[in-house]
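We number each residue from 1, following the sequence as shown. No hydrogens, no waters, no symmetry mates; every other heavy atom, side chains included, goes into these values.
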Amino acid sequence: MKGKYNATDIAKWFINELHPEPLKLQKLLYLSQGFSYAFNDRPLFEDDIEGWVHGPVVASVYRQYSMFKYNPITIEHQLIEFDDETLDILNYVKDNFAKYDSRYLEKLTHSQEPWILSREGLDPDERSDKTITKENIANYFINYIHQPEDEEWD
């Protein structure tokens, strides 16, 4: 199962919409990939996501925008055309997660199993380029979406 896009295509959409700083952009990419599995049962993009100290990262996108450091990415990109299914995912992530700052999103991803598993055996500040497996991302987000509502028991 390959994604239809690459992570840079998706990053450019978020940059045009939100002008996030690089750390926030990385979390939005990860969440988009996860919710694509949950809602559409397929990856959104082909690129691997790695379990870095500050959370999930697509290394190629990081390298492309790292010069912005902790500042908003102020570039306007020419975008490719996305299908409606993809736009639904991107807008879902934007509407539900873009309101949070990058530190909150970092904390959120640090509490999620895919990142935790990718960091097994590493010290908290130890650098690593270990891949967060697509299978772990898919399983986590599919289970996240399909959690039963809390019920009161009599």
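Ion pair E106/K27 not flagged as a salt bridge, since none of the NZ, NE, NH1 or NH2 atoms sits closer than 4.0 Å to an Asp/Glu carboxylate oxygen.
A distance of 9.5 Å separates OG1 of T131 from CD1 of I49, quoted to the nearest 0.5 Å. Atoms CG and CG, from L79 and N16 in turn, are 4.5 Å apart once rounded to the nearest 0.5 Å. In this structure, the separation between NE2 on H110 and NZ on K107 is 11.0 Å, given to the nearest 0.5 Å. The line from CG of D84 to CD1 of I89 is 12.0 Å long, rounded to the nearest 0.5 Å. E17 CD to K12 NZ: the interatomic distance, rounded to the nearest 0.5 Å, is 15.0 Å. Note that the CD1 atom of I137 and the CD1 atom of I132 stand 5.5 Å from one another [nearest 0.5 Å].
Transitive grouping of hydrophobic side chains (ILVMFWY, heavy atoms separated by less than 4.5 Å) brings F35 and L105 into a common cluster. Follow the hydrophobic side-chain contacts under 4.5 Å out from Y5 and you reach L31 in the same cluster. Residues V58 and L18 share a hydrophobic cluster, clusters being chains of Ile/Leu/Val/Met/Phe/Trp/Tyr side chains in contact below 4.5 Å.
Taking all atoms of both residues into account, the shortest heavy-atom contact from R103 to L23 is NH1-CD2, 3.9 Å. Across all non-hydrogen atoms, the minimal contact from L25 to F14 is CD1-CB, 3.8 Å. Residues A11 and V61 approach most closely at CB-CG1, 3.9 Å, considering heavy atoms. In terms of heavy atoms, Q112 sits closest to F141 at OE1-CZ, 3.9 Å. The two residues M67 and Q64 have their closest heavy-atom pair at CE-O, 3.4 Å. Minimum heavy-atom separation, S36 to R42: OG-O, 2.7 Å.
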Which is it for Y30 and W115 under the ring-ring contact (aromatic ring centres under 6.0 Å, His included) test, yes or no, and what are the steps along the way? CA-CA 10 Å; Y30 163 77; W115 181 82; 9.7 Å; no

Starting from the C-alpha separation in whole Å, work towards a yes-or-no answer on salt bridge (Lys or Arg N to Asp or Glu O under 4.0 Å) for E50 and K130. CA-CA 5 Å; E50 298 173 359; K130 187 175 174 187; over 6 Å; no

Kindly determine whether F39 and Y92 satisfy ring-ring contact (aromatic ring centres under 6.0 Å, His included), including the steps that lead there. CA-CA 11 Å; F39 295 134; Y92 176 85; 5.0 Å; yes

Assess whether side-chain contact (heavy atoms from CB on, under 4.5 Å) is satisfied between W52 and R127, documenting all intermediate values. CA-CA 6 Å; W52 288 18; R127 290 180 176 214; over 6 Å; no

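For the pair F45 and D9, the minimum side-chain heavy-atom distance is 4.5 Å or more. Using a 4.5 Å cut-off on side-chain heavy atoms (C-beta onward), L44 and L90 make contact. For the pair P22/I73, a side-chain contact is recorded, criterion being any heavy-atom separation below 4.5 Å from C-beta on. Contact of the N136 side chain with the E113 side chain is not registered, since no non-hydrogen atoms from C-beta on lie closer than 4.5 Å. A heavy-atom distance below 4.5 Å is not found between the side chains of Y37 and Y140. Two residues are said to be in side-chain contact when any heavy atoms from C-beta on lie closer than 4.5 Å; I142 and D41 meet this criterion.
Ring planes of Y65 and F68: tilted class, angle from 30 to 60°.
In this structure, the side chain of D47 does not engage the main chain of N6 through any donor-acceptor pair within 3.5 Å. Put simply, the side chain of K4 never gets that close to the backbone of F82: no donor and acceptor are under 3.5 Å apart. Of the possible polar contacts, one joining the N91 side chain to the L87 backbone as a donor-acceptor pair under 3.5 Å is found. Between the side chain of K24 and the backbone N or O of A98 there is at least one donor-acceptor pair closer than 3.5 Å. A donor-acceptor pair is defined here as one N or O able to donate and one able to accept, closer than 3.5 Å; such a pair exists between the side chain of E126 and the backbone of D123.
Each of F97, W13, Y100 was scored for a side chain to side chain contact (heavy atoms under 4.5 Å, CB included) with L28, with one residue passing: F97.
Within a 6.0 Å sphere centred on CG of D83, heavy atoms belonging to other residues, nucleotides or ligands number more than 12. Within 6.0 Å of CD on E21 lie more than 12 heavy atoms contributed by other residues, nucleotides or ligands. Residue E135 qualifies as open at atom CD: its count of foreign heavy atoms under 6.0 Å is 12 or below.
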